[in-house]
Amino acid sequence: MSFLRLISRACVRSTPGQISRRSLSSLPNLHCNAIAEAQNAQHVRQIDSLLKERGILKISLRFEDDDCTYLKSLLLNLHRDHGHGLPITHSASRGWFWDVRPQEVAKDTSVVAARSETMENFSWHTDCSYEASPPCYFALQVIRADQCGGGTLSVLNADSLLSVLSPTVVESLCRKEFQITVPPEFVKSEHQKNITGSVLHVDKAGGRVQLRFRHDIIHASTAQGEAALKELQQALSGSIIRGHVLDLAPDVLPRGSIVLLDNRRWLHSRNHVRDPNRYLRRVRWDAQPFNTM
């Protein structure tokens, strides 16, 4: 099978039960009544299955857990029983869980704030796209939702995006001809400030798609790659793709909600945060080389 035919098949592929239209009713939502459920083998198996099949789910906690004890225990059991890699650390001081609180960043001007820690819009991206081994999954737990109508998390399935791109553009994005710059706040070594690789990876056996993207740090090394990036960005800002976007506003993700996402199959964005006391906790796990499934 030719590469273009493989890409065409990946772009139109639809799994039974897959979220093909962005209705909130199609978002898997599990209700959790106690921290101890993170130790329940059936509960953990269901979450693993939903992540692998859908790549997205919401968990609604029916108890107080600002320390994320349930989520930490869940990730340990996904690691032990289902082969998920352990969470990655943001830094030696932060450990697994990263507080996303714009108000705290504003108090310390000596710290270079990550985009997610500001109150600004954050356009379509995948997390850690600048890493050779980005995490396969991430989760956000809502400690305090935006009380002023902002901070909406929007998500978009990569298959939906590819369905509006030409096969030629998709093929170009699969070439390892793009330089990805590490944002200053995430530089771990002066000798590693960028990586070179592809924006897309299509599994030749099953046609499954992986995507990494953040427009402000990815640069093409060829004219064809530059044109492909331009079409990708135009598609993301166009009206056609809007029908595939799922908006998870604060009323959909209130306090006690956890949203878990496949970081290679779903892009996410966030509009302007209006409440300086908005508070989420984020964890990323299962880091793997980008071109592996």
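The figures that follow rest on heavy atoms only: side chains count, while hydrogens, waters and symmetry mates do not.
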Shared hydrophobic cluster for Tyr130 and Phe213 (ILVMFWY, side-chain gaps under 4.5 Å): yes
Closest non-hydrogen atom pair, Ala235 against Leu165: CB-CD2, 3.9 Å
Smallest separation among heavy atoms of Glu120 and His272, with atom names: CA-ND1, 4.1 Å
Test log, rule side-chain contact (heavy atoms from CB on, under 4.5 Å), inputs Leu261 and Asp127: CA-CA 10 Å; Leu261 282 166; Asp127 276 5; over 6 Å; no
Spatial distance of atom [atom1] ([X]) from atom [atom2] ([Y]) [nearest 0.5 Å]:
X	Y	atom1	atom2	value
Leu161	Leu156	CG	CG	5.5 Å
Arg62	Asn33	CZ	CG	5.5 Å
Ile180	Asn194	CD1	CG	9.5 Å

Any donor-acceptor N/O pair, Ser172 side chain to Val169 backbone, under 3.5 Å: no
Steps toward side-chain contact (heavy atoms from CB on, under 4.5 Å) verdict (Gln224, Glu177): CA-CA 10 Å; Gln224 188 174 21; Glu177 300 176 347; 5.6 Å; no
Residues Gln46, Leu30; criterion side-chain contact (heavy atoms from CB on, under 4.5 Å); working and verdict: CA-CA 9 Å; Gln46 184 179 19; Leu30 303 181; 3.5 Å; yes
From CA spacing to verdict: salt bridge (charged side-chain N to carboxylate O under 4.0 Å, His left out), Arg255, Asp66: CA-CA 10 Å; Arg255 172 175 168 80; Asp66 287 358; 3.1 Å; yes
Working for side-chain contact (heavy atoms from CB on, under 4.5 Å), residues Leu78 and Val44: CA-CA 7 Å; Leu78 285 171; Val44 177; 3.7 Å; yes
Among Asp67, Asp65, Asp99, salt bridge (charged side-chain N to carboxylate O under 4.0 Å, His left out) partner for Arg281: Asp99
Side-chain touch Ile47/Ile59, heavy atoms, less than 4.5 angstrom: yes
Arg265 side chain reached by Gln210 side chain, heavy atoms, under 4.5 Å: no
Lys58 atom NZ, neighbour heavy-atom count above 12 within 6.0 Å: yes
Face-on cation placement of Arg270 at Phe122 ring, 6.0 Å and 45° thresholds: no
